[in-house]
S.K.: 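Can you read through this structure? Questions will come right after.
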Amino acid sequence: MTGGWQSALAPGGSSADAILRLFWPTVALLGLIWLAVLLVLAAALLRRARPEAPRRAGAVVGAATAGTVLVVIGLTLASYLVTRPISAAADAPLIVQLRGLQWWWQATYPEEGEASGFVTANELHLPLGRPVRLELSAEDVIHSFWVPNLAGKQDMIPGRDNALTFTPTVPGVYRAQCAEFCGLQHARMALLVVVEPPEEFARWRAVQAAPATAEALAAEGRQVFERQPCGACHTVRGTGAAGRTGPDLTHLASRGTLAAGLLPMTRGALAAWIADPQTLKPGNNMPLVPLSADELQALTAWLASLR
Amino acid sequence: MTHDRRDTGLGDLALEAALRRVWAAAHGLWGLLATVDHKAIGRRYIATAFGFLILGGLLALAMRWQLSHPEARLLDPDRYNQVFTMHGSNMMFLFAVPVMEAMGVYFVPLMVGTRNIAFPRLNAFSYWVYLAGGLLLWGAFLLEMGPDVGWFAYVPLSGPQYSAGKRADIWAQMITFTEISALAVAVGLVVTVFKQRAPGMTLDRMPLFVWAMLVTAFVVILAMPAVVTASTALILDRLVGTHFFNPAEGGDVLLWQHLFWFFGHPEVYIIFIPAVGMVSTIIATFCRRPVFGYLAMVLALVGIGLLAFGLWVHHMFTTGLPRLGESFFTASSMAIAVPSGLQIFCWLATLWGARPRLAVPMLYVLAFLFTFVLGGMTGVMVASVPLDTQLHDSYFVVAHFHYVLIGGAVFPLLGAIHYWFPKLTGRMMGARPGRWECLLVFAGFNLTFFPMHILGLWGMPRRVYTYQPELPWAGLNLFASLSAVLLAAGFLLFFWNAWRSARHGAPAGENPWGAPTLEWATASPPPPWNFTRIPVVGSASPLWDSMGELTVAEGLRTDRRELLVTSVMDATPEARESSPQDSIWPLLAAIATSVMLVWSIFTPWAVVWGSIPIAVTLIGWFWPRGTPEDES
Amino acid sequence: MRKPSRPRPAAGVSVRQAVPLGLVLLALCGCRREAREVRLDPPVAAALAGVAAMPNGIGGRPPEVYFVLGKPYRGNAYQLSEGKRLYAWFGCPECHRDGEGSGRGPSLLDGWWNHGPGIETIYLSIRDGRPGGMPPYRTRLTHEQLWQLAGYVQVLGAYSASAAAPGRSDQVQSRPAENRAPARFAPLEP
């Protein structure tokens, strides 16, 4: 009943955990009040009518109202107390810049110590147990970053800088989704968040920062990629393709999903996506580029090798 | 001034004949278009609003069908976005607010014991403008250019760069239409309540429904200008190239959200407060005693009306505003639970000391209590900043606001339609189908919307046209979609019942329920002049306390439309005031206004050239006709 | 639709058929300007390449399919806004700025067309490039995109604003928005 990898009820991070610890007592308290109201209602309907002395009824109504005031004050304080740790700044957090675009996510891991910076898309990797500070921005319209298992949502608003700080506490793969209506493909704007031990994270980071591997660069698909318009929008580091309006594809095949969470990353899905993006995700900004069967074969084989 | 034209000493039959001569609308089409009778217009308003409810409900069914299984292809994303935008805009702007105001238009003059609403021509104008706004929106949708930016139309998505074509302009201009009509009605209601109450109906003898409509009217007057400002700024950005919402030129994206929710949250109370009045009215009648704690109820209504303006920011908890400010809005949002709770307790106290008769309106009130209190509880949850960061823009919120809007407003409205049906049509609404319909609507509603709480907690965001099979949402979505059929069946039964009862229902007398308020002191449906003689009120429940014989005031003229103006506080008679004749000018003015507003979607010059016909119609409307305003 | 030849009272025919017919006509007008065609069938998209160009690349005739589609790249708001997006994405502002031009590329706003104002000529200019520095874009854009961009560029330099033209961008402004007909505001060049 906890709802899995995109659920506020299965926390894997500090914020989501704190919120859930406020959530259940609140539900219990309010549920009890609701039941009490219904019980009084049922009793009022079932009992024999005896005109009450108005003064007594007045006292009861007054007491109930005073009780409401107390509950409201209590919940306000509780919510304030939970807000404080959630929004507190963390020591030496991992900083990741996440940018929302119609309809995908661009993640920038800045240079940190010896680790060099890089740009990737639609997948975040976070080290277990280390606070992370996501710096959120938007390219075009308002988006909202929501990974329910880890933290509450935070909007990405053009012209404003927002941030979200939390500490992942349970390793796993979580799914995030855009929570603010952002146009035609709002439903298809998802992101995977992989929480992994720090060593694995460091390995991943080193691989992502490197350009595409040498054997990949020798492949035939690379020529297709460079001959066709792909490079006008996409970057593959190490090739001539340096477009910036589409997702960075340097390590495309290392990601779990394709097209912002639309399809699992397989060669078949890649082929389907390239062959007809507007049927799979109507209205997205990837054009249907006509390719011959051989070109499509070579291209998908090459893209699938970009690990 | 001759005294033989007054009603003093005239026999009932002679008086009615005289009143019919001056108050009845002309026969035929002309009479339909020119009437300024608040009952004709109110009925029209209610019927139109329910028509829009049916259309919006069909859209909801289409959405439920689309979401009933993952990767469904009934609606493509473009169509789905139009459908959910239409559903929200239609239900809020074309159904909920107008229908509540329409109930006020019909019943407030009757309940305060006057012969017509104040500014009846403005009232007629408001209906025509409202109708034009609805036709604009639905016409656009049928032409595949329905708005697709959500009923909240957040910039920059609805702005000039990201919303091609005229879709967002049509949404923004529809707002202007409905706001003009809502403001016009609100002004009429306020003046009717303040200046036209029957003699003796002091403020503390006013029925709670009238209090509710008064508070609603004030909330409308204070809240609506914010959204008119916002939508006008949006149109200017889109059409003229201004920079209200362009951050690069010093505009602000969040300005839209502040303006929209400064209206948008009071909007919820514009819908809910009249429902409170309806519930109070129904409970009093079927418990055969006044609602417990009249003063507390009135203060709670006023308190809700005031607090409504202090909590718009709880729609923006995830936009990154300063935390301290957010905590203030948590407190104010939760504080509204206090007056709402007080009302619930007063109703419970009323029921506790009585033996309520469980007629259909009362069943709807029970459904309301069950559902609305639950929606109120989830409302307290979304008022808390940390909880809201998880719940906001998820299906939990969809569940929450349907609980408070359908449970809190539509259930009382359906009950009120059952309750006042005799006064609207002269016939009783079928009780047997009524019980079934109430059961179906209640069960269907809860089965449809309760699972959405869980879907939201499981991470399902709002406004998605589909979802993937690897997410665990399919089962509950299918369940909700099937339950929606039950809900739709309940509504179908309601409409069938109303349709049949209006033709073949048992004829109702003046006061079939034994109710205490003045609308039941005249025929069902009331004659065009409402009351043959203006009643005089000596208590808050005049029909219970007068033992069958209501004292009446005399001295009004019978050779023209005339009503009594009384003082604001104590309702002591101050003057006799003429009430306007039927006129075609409100319709013509509404047409001219509509032409200007629709035209201005395409060019800003329409505001200049389009105002000429408006000026002409207004001059016609107010052309002096040499009727001296005489005073008593 | 009933056949009009079917005998019935004259008034009935006109009213009952005029209303749906009028609605259909209106719907067609609405569709043309507001429809959002996001996916062309590949053969249709391929046919868009078939411009019959004059030998000097100035003037010609758009392919038949352009007319069959209803000239969407000139009058459809969605296609024009796509063109506007491509204009920014594919580096046009590098030389043409927001349309006002620079030392490296001519102005597109002044209503002065070096190679003629026809949409097919603008299409050819973008596709094949022009002497004097305009590079060819045929390897970077699909034919549909080329048409979208050409339509947008034509609207950019129009003297009278079309109702389908895009509004201003969410950026610093250097000229009136496209739907204000910038060419009318631009100084006329000799």
Side-chain angles (χ1 to χ4, degrees), chain A residues 3-4 6-9 16 18-19 22-23 26 30-31 33-34 37-38 40-41 44-45 49 51-52 57-58 60-61 64-65 68-69 72 75-76 79-80 82-83 86-87 140-142 144 146 148 152-155 157-160 162 177-187 282-283, chain B residues 76-78 81 150 154 156-157 162 247-248 252-254 292-293 296 318-320 323 327 330-331 334-335 337-338 341-342 344-346 348-349 351-356 366 369-370 373-374 377 380-381 384-387 389-390 392-394 457-459 461-467 471-472:
Chain A
Q6 187 174 329
S7 166
L9 302 180
I19 293 170
L22 174 65
F23 177 79
T26 311
L30 297 175
I33 296 173
W34 179 65
V37 169
L38 289 187
V40 174
L41 177 64
L45 293 178
E52 294 288 321
V60 173
V61 168
T65 310
T68 312
V69 174
V72 162
L75 287 177
T76 307
S79 112
Y80 180 66
V82 174
T83 311
I86 289 179
S87 50
D140 33 46
V141 302
I142 301 178
S144 186
W146 185 32
K153 59 185 76 63
Q154 184 70 259
D155 290 353
I157 301 175
R160 298 178 76 91
N162 278 342
Q177 198 168 348
C178 179
E180 184 62 83
F181 178 63
C182 56
L184 213 49
Q185 282 298 338
H186 166 58
Chain B
D76 64 29
D78 185 34
N81 291 348
Y154 275 8
L157 184 62
Y162 297 101
D252 191 353
V253 170
L254 279 189
F292 177 86
T318 62
T319 56
R323 285 291 172 203
S327 294
T330 292
M334 287 197 181
V338 175
L342 178 59
I344 306 268
F345 303 141
C346 286
L348 288 178
L351 290 167
W352 188 266
R355 197 170 202 144
L366 297 182
L369 285 170
F370 179 97
V373 176
L374 183 57
M377 296 300 160
V380 170
M381 292 169 71
S384 155
V385 175
L387 295 183
T389 59
Q390 286 285 22
H392 181 71
D393 275 343
S394 76
L457 291 166
W458 287 357
R462 291 171 75 176
R463 302 155 189 152
V464 291
Y465 74 91
T466 192
Y467 51 93
L471 293 156

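Just so it is clear: chains get the letters A, B, ... in the order the sequence lines come, proteins before strands, and each one is counted from 1. These figures come from a predicted structure and were not determined experimentally. These numbers come from the heavy atoms of this one structure, side chains and all, not from hydrogens, waters or symmetry mates.
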S.K.: Take B:Leu157 and A:Ile142 through the side chain to side chain contact (heavy atoms under 4.5 Å, CB included) test and state the conclusion after the steps.
M.R.: CA-CA 7 Å; B:Leu157 184 62; A:Ile142 301 178; over 6 Å; no
S.K.: Report which part of B:Tyr162 has an atom under 4.5 Å of a heavy atom belonging to chain A: side chain, backbone, both, or neither.
M.R.: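 For B:Tyr162, side-chain heavy atoms alone lie under 4.5 Å from chain A.
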S.K.: Output the option from B:Leu348, B:Ile344, B:Val385 having the highest count of non-hydrogen pairs under 4.5 Å with chain A.
M.R.: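 Among the listed options, the one with the most contacts to chain A is B:Leu348.
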S.K.: Between A:Val40, A:Thr65, A:Leu45, which has the largest tally of heavy atom pairs under 4.5 Å with chain B?
M.R.: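 Top count of heavy-atom pairs under 4.5 Å with chain B: A:Thr65.
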S.K.: If you count heavy-atom pairs under 4.5 Å between each of B:Arg462, B:Met381, B:Met377 and chain A, which one has the most?
M.R.: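 Most pairs with chain A among the choices: B:Met377.
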S.K.: Hey, does the side chain of B:Gln390 reach the backbone of A:Ala16 with a donor-acceptor pair shorter than 3.5 angstrom?
M.R.: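 Absent.
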S.K.: Out of B:Tyr467, B:Tyr154, B:Phe345, which one racks up the most heavy-atom pairs below 4.5 Å with chain A?
M.R.: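 Of the candidates given, the most pairs with chain A belong to B:Phe345.
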S.K.: Relative to chain A, which of B:Leu254, B:Val253, B:Asp76 shows the most heavy atom pairs under 4.5 Å?
M.R.: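 It is B:Leu254.
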S.K.: Can you name the closest pair of heavy atoms from A:Val72 and B:Ala337 and give their distance?
M.R.: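 Looks like CG2-CB, 4.1 Å.
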S.K.: Please state whether the side chain, the backbone, both or neither of B:Asp78 comes within less than 4.5 Å of a heavy atom of chain A.
M.R.: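 Contact with chain A involves both backbone and side-chain atoms of B:Asp78.
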S.K.: Let's test your reading of the structure: which of A:Ser144, A:Gly159, A:Pro158 forms the most heavy-atom pairs below 4.5 Å with chain B?
M.R.: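 It is A:Pro158.
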S.K.: How close do A:Ser79 and B:Ser384 get, heavy atom to heavy atom, and via which atoms?
M.R.: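 It is CB-OG, 3.1 Å.
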S.K.: May I ask you to name which of A:Ile157, A:Thr26, A:Asp140 has the most heavy-atom pairs under 4.5 Å with chain B?
M.R.: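 Result: the option with the highest number of such pairs is A:Asp140.
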S.K.: Side chain to side chain contact (heavy atoms under 4.5 Å, CB included) for A:Phe23 and B:Leu457? Distances and angles first, verdict last.
M.R.: CA-CA 11 Å; A:Phe23 177 79; B:Leu457 291 166; 3.6 Å; yes
S.K.: Taking side chain as everything from C-beta outward and backbone as N, CA, C, O, which of these in A:Leu38 sits under 4.5 Å from a heavy atom of chain B? Side chain, backbone, both or neither.
M.R.: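 The side chain, not the backbone.
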S.K.: Do you know which of A:Val37, A:Ile86, A:Val60 has the most heavy-atom pairs under 4.5 Å to chain B?
M.R.: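 Maximum pair count with chain B is reached by A:Val37.
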S.K.: For B:His392, is there any backbone N or O sitting under 3.5 Å from a side-chain donor or acceptor partner on A:Lys153?
M.R.: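 Checked: pair present.
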S.K.: Show the nearest heavy-atom pair for residues B:Gly150 and A:Phe181, with the distance to one decimal.
M.R.: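 Taking B:Gly150 first and A:Phe181 second, the nearest heavy atoms are N-CE2, 4.2 Å.
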S.K.: Evaluate side chain to side chain donor-acceptor pair (under 3.5 Å) for B:Thr319 paired with A:Asp155, printing each intermediate quantity in order.
M.R.: CA-CA 5 Å; B:Thr319 56; A:Asp155 290 353; 5.3 Å; no
S.K.: Quick one: what part of A:Gln154 sits under 4.5 Å from any heavy atom of chain B, side chain, backbone, both or neither?
M.R.: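 Its backbone and side chain both get close to chain B.
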S.K.: Pick one of side chain, backbone, both or neither for A:Trp34, based on which atoms fall under 4.5 Å of a heavy atom in chain B.
M.R.: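 Both backbone and side chain.
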S.K.: Which one of B:Ser327, B:Ala349, B:Pro247, B:Gly459 has the most heavy-atom pairs closer than 4.5 Å to chain A?
M.R.: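 It is B:Gly459.
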S.K.: With a 4.5 angstrom heavy-atom cut-off, could you sort out which part of A:Ala18 is near chain B: side chain, backbone, both or neither?
M.R.: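 Neither part, no heavy atoms under 4.5 Å.
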